[in-house]
4 protein chains.
Amino acid sequence: MAMVAERAGVAAGTIYRYFESKDALIMGTYADLEGRLLKKVKEDFPEQGTVREKFHHLARVLVTQWISSPVQFRFLEQFHNSPYGAARRREKMLDGNKDICAGIFAEGLEQKLIKELPLPMLFALFFGPLVYVSRDHILGFFTLDGALLNQAIDSCWSAVKR
Amino acid sequence: MAMVAERAGVAAGTIYRYFESKDALIMGTYADLEGRLLKKVKEDFPEQGTVREKFHHLARVLVTQWISSPVQFRFLEQFHNSPYGAARRREKMLDGNKDICAGIFAEGLEQKLIKELPLPMLFALFFGPLVYVSRDHILGFFTLDGALLNQAIDSCWSAVKR
Amino acid sequence: MAMVAERAGVAAGTIYRYFESKDALIMGTYADLEGRLLKKVKEDFPEQGTVREKFHHLARVLVTQWISSPVQFRFLEQFHNSPYGAARRREKMLDGNKDICAGIFAEGLEQKLIKELPLPMLFALFFGPLVYVSRDHILGFFTLDGALLNQAIDSCWSAVKR
Amino acid sequence: MAMVAERAGVAAGTIYRYFESKDALIMGTYADLEGRLLKKVKEDFPEQGTVREKFHHLARVLVTQWISSPVQFRFLEQFHNSPYGAARRREKMLDGNKDICAGIFAEGLEQKLIKELPLPMLFALFFGPLVYVSRDHILGFFTLDGALLNQAIDSCWSAVKR
DNA sequence: TATGAATGAGCCTTCATTCAT
DNA sequence: CATGAATGAAGGCTCATTCAT
C-alpha cells in the first residue's frame with residue numbers, strides 16, 4: 001500500500017478514501033483492467049464473422065494487450081492465481097451472465113464446430129497456451145511476432161475444434 | 001519458516017544449517033519436487049514407443065501427480081510464476097542439458113511430427129492447457145476423469161502436431 | 001470525530017468551527033451533560049426538606065438518570081477517569097463556586113449531621129457506591145429496582161452520617 | 001506496545017513471544033497484579049478474627065497497596081472500567097470459585113451481620129468508596145493518613161452492616 | 001550441531017486535524 | 001461558514017533471520 005500511495009503521489013491514508021481495504025483495491029483494479037480489456041475486444045469485433053474469426057480476433061486482441069503492458073499482465077496473472085481469482089470465477093459461474101468469451105464458445109458448440117467438453121476445459125485448452133505464450137514473450141524466452149502469434153492462435157483453435 | 005520448522009520438528013534456527021535462506025529452501029524444495037516428478041515420468045517410460053505415445057505418457061503422469069497432491073501443485077504453480085521460476089528457466093536454457101521434456105520435443109521435431117516453433121511456444125501449447133486443466137480440477141470447476149484427461153492430452157497433441 | 005460529524009449531519013471539518021479540538025468537544029459535551037443532570041436535580045428539589053431528604057433526592061435523580069441512558073453514563077464515567085476529569089475537579093476546587101452537591105454536604109456538616117471528613121472523602125463515601133451500583137445494573141450484574149435503590153441510598157447515608 | 005517494549009528494554013516483536021496479543025498482555029498483567037494483591041491480603045489475614053476485623057484487614061491492605069503504587073492503581077481502575085473487566089467479572093460469577101472477598105461477604109451474610117443485598121451491591125457499597133478514596137488521595141485531593149483510612153473503612157462497614 | 005529467544009523493518013489500517021474551494 | 005479530500009504519525013502485529021548458549 002505504501003508503494004501504491006507513493007506512485008500515486010498521495011499519502012498512505014488517502015487510498016482508504018477510495019478503497020475500503022487492500023483487497024478492495026485489488027478487486028477494483030482487476031475489475032477496471034478486465035473492463036478495459038473487454039472494451040478493446042468489443043472494438044472491431046467481427047460480429048458477422050465465423051466462430052473461428054471471432055476466436056482469432058479475441059485471442060489477438062488479448063495477447064496484444066497483454067504483451068503491450070507487462071506490468072498489467074503480471075497483475076492479471078497473479079490475480080487469477082490468487083484465492084480471489086478463484087472466488088471471482090466461482091461467482092461468475094453462478095450468475096448466468098455469459099461474458100463475451102463464454103459467448104463465443106457457446107456459439108461454437110451450437111454450431112458443432114468445437115469439441116463437446118466442459119467449458120473450463122475449453123477455456124484451458126484455448127487460453128492456457130495464450131497466457132503462457134504471452135508470459136514467455138514478456139520474459140524474453142522468445143519473441144512473439146505477428147506470424148508466431150498467428151500460428152499460436154491456430155494451434156489453440158486446433159486444440160478445441162472438432 | 002516457523003511453520004516449516006515446526007512441521008519438521010526442529011527449531012527455527014536449524015533450517016539455516018541446511019538452507020542459506022528462505023529462498024534457498026524454496027529453490028531446494030522445488031528441485032526436489034521436480035526430481036521426484038521426473039522420476040515418476042521415467043518409470044514405465046515407453047522408450048520404444050512413438051513420439052505421440054511418449055507425449056501421452058508424460059502428460060498423463062504429470063497431470064496424475066499434480067491432481068493427486070494439490071498442495072504440491074500449488075507450490076509448483078507459484079514457483080513457476082515467481083521471479084525464481086523465471087530465473088531457473090533461464091539457467092536451464094543456458095546449460096545444454098536437455099531435460100526429458102525437451103528431449104521428447106526434440107525427437108518430435110526431428111521426425112517432423114510437430115510444428116517448427118520455438119521450444120517455449122511448444123511448451124506453452126502442450127503444457128499450458130494441462131496445467132490449467134489440473135488447476136480447474138483441483139478448484140472443483142469440473143472433474144477430470146480418465147476419459148476427459150485423454151481428450152485433453154489429445155487436444156494438446158493436436159495443438160503441437162503438424 | 002468522523003462519527004460525531006456524521007451523526008450531527010455535518011462535514012468532518014465543521015466540528016472545528018465550534019470546538020477547537022477533540023478535547024474541547026469532549027469537555028464541552030461533559031459540561032452540557034452535567035448541566036442537564038443538575039437541572040434535573042433542581043426540579044422538585046426539596047428546598048425545605050431535611051438534609052437526609054435532600055441527599056435522597058439528589059441520589060435518586062442522579063442514579064435514575066444514569067441508568068436511563070447507559071451511553072451517557074459510560075461517557076461520564078470515562079470522563080471522570082480521564083486526566084481531564086481530574087483537571088476539571090481541580091479547577092472547580094479553586095473557584096469557590098459551590099455546586100449543588102457540595103452545598104448539601106456543607107449544610108449537613110453545618111448541622112453536625114454528617115461526619116467531619118474531607119469533602120472529597122465524603123463524596124467518595126456517598127457517590128462511589130452509587131456510581132458502582134449504577135454501573136453494575138447497566139452491565140446486568142443485578143437489577144436495581146426502586147426498593148434496592150432506596151436501600152443503596154440509605155446505606156450511603158449511613159456511611160456519611162454521624 | 002511500542003512503549004511497553006521500550007520500557008522492557010526489548011524490541012517490539014519480543015512481546016509476542018510472551019503474550020499472544022495486546023489483549024493477552026493486558027489480561028496477563030491484570031491477573032498477575034490481582035494475584036500479588038490477594039497474596040498480600042492473605043498474609044497476616046485474621047483467620048480467627050471477626051467478620052468486621054476481616055473486612056478491616058482486607059480494606060486496609062488493598063488501599064495501602066493501591067496508594068503505594070499509583071501506576072498500578074490506574075491500571076487496575078482502567079481494567080475494571082473496560083469491556084475486559086466486565087467480561088472477567090461475568091466469567092468469575094459463572095465458575096463457583098469464591099474469591100477471598102466474596103468469602104468474607106458470605107461469612108458476614110451467614111452470621112446475619114451484613115445486609116441481605118445482591119452481592120454486586122454489597123461490593124459496590126464496600127469497595128466503591130475505597131476505590132474513590134484511593135483515587136482522590138493519589139490525585140492529591142486530600143491526604144489519606146492512617147486515621148482517615150480507618151474512618152473510611154468504618155464508614156464502609158456502616159454501609160453494609162445491618 | 002541444535003536451539004529458540006530476540007530482533008526490527010515492514011505490513012495494513014485508523015483518525016484527528018488542516019485547508020483549498 | 002461549510003465542505004470533504006488529503007494528510008501522516010501512530011497503532012498492533014508478523015516473520016525471516018541472527019547468535020549466544
Side-chain angles (χ1 to χ4, degrees), chain A residues 1-29 78 82-84, chain B residues 1-30 75 78-79 82-84, chain C residues 1-30 75 78-79 82-84, chain D residues 1-30 78-79 82-84:
Chain A
M1 298 300 279
M3 283 175 60
V4 171
E6 197 186 9
R7 294 252 192 140
V10 298
T14 303
I15 297 177
Y16 292 87
R17 286 202 67 73
Y18 300 91
F19 299 93
E20 215 178 57
S21 64
K22 190 193 176 192
D23 287 351
L25 170 60
I26 290 172
M27 309 277 266
T29 304
Q78 288 192 32
S82 73
Y84 295 115
Chain B
M1 298 298 277
M3 282 175 61
V4 170
E6 195 188 10
R7 293 251 193 142
V10 300
T14 304
I15 296 178
Y16 291 86
R17 303 216 135 267
Y18 299 90
F19 299 92
E20 206 179 85
S21 65
K22 190 192 178 191
D23 287 349
L25 170 60
I26 289 171
M27 309 277 268
T29 304
Y30 176 79
F75 173 74
Q78 288 192 32
F79 184 87
S82 74
Y84 295 114
Chain C
M1 298 300 278
M3 282 175 61
V4 170
E6 197 189 9
R7 293 251 193 142
V10 299
T14 304
I15 297 177
Y16 291 86
R17 302 217 135 267
Y18 299 91
F19 298 92
E20 208 179 84
S21 65
K22 191 192 176 191
D23 287 349
L25 170 60
I26 289 171
M27 308 278 269
T29 304
Y30 176 79
F75 173 74
Q78 289 192 31
F79 183 87
S82 73
Y84 295 113
Chain D
M1 299 299 280
M3 283 175 61
V4 171
E6 197 186 9
R7 294 253 192 139
V10 299
T14 302
I15 297 177
Y16 292 87
R17 287 202 66 73
Y18 300 91
F19 299 93
E20 214 178 60
S21 64
K22 190 192 177 193
D23 287 350
L25 170 60
I26 290 171
M27 309 277 267
T29 303
Y30 177 79
Q78 288 192 31
F79 184 88
S82 73
Y84 294 115

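Atom set for the values below is all heavy atoms of this structure, side chains included, hydrogens, waters and symmetry mates excluded. Chain naming here is simple, since letters A, B, ... match the order of the sequence lines and numbering starts at 1 in each.
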Parallel, tilted or perpendicular: which describes the rings of Y30(B) and F79(B), with under 30° parallel and over 60° perpendicular? parallel
What nucleic acid atoms does Y18(C) come within less than 4.0 Å of, heavy atoms only: base, sugar-phosphate, or nothing? sugar-phosphate
Under the rule for side chain to side chain contact (heavy atoms under 4.5 Å, CB included), what residues qualify as partners of A5(D), not counting sequence neighbours? V10(D), I15(D)
Can you tell me which stems involve DNA chain E, if a stem is defined as three or more consecutive Watson-Crick or G-U wobble pairs, both distances under 3.5 Å? E:2-21 with F:2-21
Whole angstrom is fine here: how far is it from CD in E6(B) over to P in dG4(E)? 12 Å
F19(B) CZ - dA2(E) P separation (whole Å): 13 Å
Each nucleotide of nucleotides 9-21 of chain E classed B (base within 4.0 Å of a protein heavy atom), S (only sugar-phosphate) or -, in 5' to 3' order, makes ---SBB-SBB---
Would you list the pairs meeting side chain to side chain donor-acceptor pair (under 3.5 Å) in which at least one residue belongs to residues 2-18 of chain B, sequence neighbours left out? none
Could you list the donor-acceptor pairs under 3.5 angstrom formed by side chains in residues 21-28 of chain C, with sequence neighbours left out?
| residue | atom | partner | partner atom | Å |
| --- | --- | --- | --- | --- |
| S21(C) | OG | D23(C) | N | 3.4 |
| S21(C) | OG | A24(C) | N | 3.2 |
| D23(C) | OD2 | Y84(C) | OH | 2.4 |

Starting at the 5' end of DNA chain F and moving along, which residue's nearest nucleotide shows up first, I15(A) or G9(C)? G9(C)
